[in-house]
Amino acid sequence: MRANAAIRLFSGFLLFYLLFLVQDEHLKDLPATTTIALLAGAAGLGGLAGAAVANWARNHSPQVIVLLTLAVTTVTAGVTAFLFGLWAAVAVALVAAFAQELGKLALDAIVQREIGEEVRSSTFGVVEALLQLAWVFGGLIGLLVSDWSTGPGGLTGLTVVLALALGWLVVRRRVRVRARAAKVSASTPPAARQAPATKDPTATTKPLTNPHSG
């Protein structure tokens, strides 16, 4: 949920930020209407790509997918800030829409799996409301930042925010995984943990090989 909120915040920021940059002619490689149409097309294509990849990755861990989408968004935002221009803006618009769609579908899969049926519908409603608030908040930030930044500065600031959010979420996940492993280990009977593995004296040690290799 937090990773998706970070992606939504960046998506809302990007929409208003790029729109005002185009209107102020900071992206003037093409006419303003053409630039806006190009950015909108990139966002639409990114959303379609996110839905397609979600169908392909349905058997993978949705928690890992959400973190990966946030990581890809962070890296793309940083590269766009460094190489700021029209085509970099098109690329980050595509990636942001892709991450938003894929991350939301992964979150829906988590809710579907973890939340009981009796409260699942209300959970979906609460999740969507919170994500919309994150998007609106990001849009307000983009609107304010566009008054003093001409491009790279605003994206650099949001890249730092995304990187901090990603680092915090990765650390939190590692702590939860270790705590779960320690809990499982503590619940295992001591005899089962300390029993020595039996070894066939006639067995010989063989190197690990790929059975399918030529």
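For the single chain, residues carry numbers from 1 onward in sequence order.
In the hydrophobic clustering of ILVMFWY residues, with side-chain heavy atoms under 4.5 Å counting as a link, Val75 and Val72 come out apart. Hydrophobic clustering, with ILVMFWY side chains joined whenever heavy atoms are under 4.5 angstrom apart, groups Leu162 together with Leu166. Placement of Tyr17 and Leu86 within a single hydrophobic cluster is found when ILVMFWY residues are connected by side-chain heavy-atom separations under 4.5 Å, directly or transitively. Note on Leu131 and Leu15: separate hydrophobic clusters, where clusters join Ile, Leu, Val, Met, Phe, Trp and Tyr whose side-chain heavy atoms are under 4.5 Å apart, directly or indirectly. In the hydrophobic cluster analysis, where Ile, Leu, Val, Met, Phe, Trp and Tyr join through side-chain heavy atoms closer than 4.5 angstrom, Trp135 is grouped apart from Phe10.
Applying the 6.0 Å contact sphere to CH2 of Trp87 captures no more than 12 heavy atoms from other residues, nucleotides or ligands. Annotation for Arg178: atom CZ does not count as buried by contact number, only 12 or fewer foreign heavy atoms lying within 6.0 Å. Counting heavy atoms of neighbouring residues, nucleotides and ligands inside a 6.0 Å radius, atom CD of Glu117 does not exceed 12 of them. Within 6.0 Å of CZ on Arg2 lie no more than 12 heavy atoms contributed by other residues, nucleotides or ligands.
Nearest heavy atoms, Ala77 versus Leu155: O-CB, 4.4 Å. Of all non-hydrogen atoms in Pro62 and Ala106, the two that sit nearest each other are CB-O, 3.5 Å. Pro152 and Ala81 make their closest contact through CB-O, 3.4 Å (heavy atoms, listed as atom of the first residue, atom of the second, distance). Nearest heavy atoms, Gly47 versus Glu101: O-CG, 3.3 Å.
Between the CD atom of Glu114 and the OG1 atom of Thr123 there is a distance of 11.5 Å, given to the nearest 0.5 Å. Rounding to the nearest 0.5 Å gives a distance of 11.5 Å between CD of Gln63 and CG of Leu68. Taken from CZ in Arg113 to CZ in Arg120, the straight-line distance is 12.0 Å, to the nearest 0.5 Å. Note that CE of Met1 and CG of Leu107 are 6.5 Å apart. Values are rounded to the nearest 0.5 Å. Residue Leu14 holds its CG atom at 11.0 Å from CG of Leu19, rounded to the nearest 0.5 Å. In this structure, the separation between CZ on Phe13 and CG on Leu140 is 12.0 Å, given to the nearest 0.5 Å.
Side-chain contact between Gln23 and Ser146 is absent, with no heavy-atom pair separated by less than 4.5 Å. Contact check for Arg173 versus Val64: side-chain heavy atoms found under the 4.5 Å cut-off. With a 4.5 Å cut-off on side-chain heavy atoms, Leu39 and Val22 count as touching. Contact check for Asn4 versus Thr69: no side-chain heavy atoms found under the 4.5 Å cut-off. For the pair Leu70 and Thr74, the minimum side-chain heavy-atom distance is below 4.5 Å. Between Ile141 and Phe137, the closest side-chain pair of non-hydrogen atoms falls below 4.5 Å.
Not one N or O on the side chain of Ser11 forms a donor-acceptor pair closer than 3.5 Å with the backbone of Ile7.
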Any chance you could lay out the side chain to side chain contact (heavy atoms under 4.5 Å, CB included) test for Phe98 and Thr73, step after step, and finish with the verdict? CA-CA 9 Å; Phe98 169 83; Thr73 304; over 6 Å; no
Evaluate side chain to side chain contact (heavy atoms under 4.5 Å, CB included) for Val145 paired with Leu158, printing each intermediate quantity in order. CA-CA 10 Å; Val145 172; Leu158 260 292; 5.6 Å; no
Under the side chain to side chain contact (heavy atoms under 4.5 Å, CB included) rule, what do Leu94 and Val90 come out as? Steps first, then yes or no, please. CA-CA 6 Å; Leu94 188 149; Val90 170; 5.6 Å; no
